[in-house]
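Inspection log for the structure reproduced underneath, given as structure tokens.
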Protein chains: 2
Amino acid sequence: MSSQTYSISDLARELDITTRAIRFYEEQGLLSPERRGQERIYSPRDKVSLKLILRGKRIGFSLAECRELIELYDPSSGNTKQLHSMLAKISERREQLEQQMLDIEQMKLELDTAEERCVQALEQTLKSQESVQ
Amino acid sequence: MSSQTYSISDLARELDITTRAIRFYEEQGLLSPERRGQERIYSPRDKVSLKLILRGKRIGFSLAECRELIELYDPSSGNTKQLHSMLAKISERREQLEQQMLDIEQMKLELDTAEERCVQALEQTLKSQESVQ
DNA sequence: TGTCAGGTTGACGTTTACGTCAAGGGGTGT
DNA sequence: ACACCCCTTGACGTAAACGTCAACCTGACA
């Protein structure tokens, strides 16, 4: 049952980021791995947090926003006021995600028309080449 | 049929960004409005580009990426090699958008579980309050 | 004829998210 | 004993995306 642990370079390799980045996330309060002496020892939970960070970054979240998400995931901090503000933040995030979905759908449509124009332009150049031969 | 035009502050107001930002986008080659003397005169097309930029930013695109998108929208540049590389870029973007969709779906799930935990914690505190009375 | 709102070009400052050394500690194989 | 290898903490550098002046022009209006 000995829960798995990782070194910093283990995670760096596996998640394809630099150790510097990982330490930076810790500096910014997004991680707080155990220590064995000086060395950082990462738990599976830390790894989950890191994945959450990377996912957040892919959709344009700042590290501060990622930190909030991680904190939302935290089972500690339990007074009623905080819980309500958490719920508020969660629904804010949800709205943001909805907006991003819409943005992405729109982008896809634009890629469709851009692609169509490309294809038509290609067909055009093919035709004019045929007419030369 | 006199196509509408906008001043820089018109667009800034309407799109809720600063004039500085708009000028910066021009510096970076994302816009190239007409000029009347010194003054910038923006066309509806420029406005579309600006909206595309803002949409791009909302989903975490860099300005360089936004510029590529705008260039994809451009009907000029028509040699075959370029057209093929355009098509390649388009499909790259599409893959990226797909990934972002997945990321967002995943985020939503995580918000769901975070919300659930919040609600349960709230119910818990309510129960303990009842048991006191 | 002032002055005022809105436009312009620098040019430097700032925040975010790391990259890139430098200098050193600690275990381990030879 | 020494050579690696991986780890650590500074500390400074950097790219992106603007913010924030400063200094200046310009047409309109009292």
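Predicted, not measured: the structure shown is a model, and the values here were computed from it. Letters go in sequence order (proteins before strands), and every chain restarts at 1.
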Does any residue of residues 26-41 of chain B have a heavy atom under 4.0 Å from DNA chain C, and if so, which ones, in number order?
B:Arg35, B:Gln38, B:Glu39, B:Arg40
Sorted by number, the residues of residues 18-25 of chain A with heavy-atom contact under 4.0 Å to DNA chain C:
A:Thr18, A:Arg20, A:Ala21, A:Phe24, A:Tyr25
Report yes if some heavy atom in the side chain of B:Leu52 is under 4.5 Å from a heavy atom in the side chain of B:Leu30; otherwise report no.
no
Taking side chain to side chain donor-acceptor pair (under 3.5 Å) as the test, write out the residues that go with [X], two or more places apart.
X: A:Ser85; value: none
X: B:Asp112; value: A:Arg94
X: A:Glu98; value: B:Lys108
X: A:Ser43; value: A:Asp46

Contacts of [X] that satisfy salt bridge (charged side-chain N to carboxylate O under 4.0 Å, His left out) - sequence neighbours left out:
X: A:Glu34; result: none
X: B:Glu26; result: B:Arg35, B:Arg40
X: A:Lys89; result: A:Glu68

Tell me, with the steps shown, if A:Arg93 and B:Glu115 meet salt bridge (charged side-chain N to carboxylate O under 4.0 Å, His left out).
CA-CA 11 Å; A:Arg93 286 291 156 223; B:Glu115 185 170 40; over 6 Å; no
Could you identify which residues of residues 54-70 of chain B place a heavy atom less than 4.0 Å from some atom of DNA chain D, listed by residue number, or say none?
B:Lys57, B:Ser62, B:Leu63
Taking only residues two or more places apart in sequence, or in another chain, which ones meet B:Leu122 in a side chain to side chain contact (heavy atoms under 4.5 Å, CB included)?
A:Thr80, A:Leu83, A:His84, A:Leu87, B:Thr125
Could you tell me from which nucleotide to which nucleotide of DNA chain D, 5' to 3', there is an atom under 4.0 Å from chain B heavy atoms?
D:dA17 to D:dT20
Expected output: side-chain A:Gln120 to main-chain A:Arg117 donor-acceptor under 3.5 Å
no
Between B:Ser9 and C:dG7, does any side-chain N or O lie under 4.0 Å from OP1 or OP2?
yes
Test: B:Arg13 and B:Asp10 ion pair at under 4.0 Å:
yes
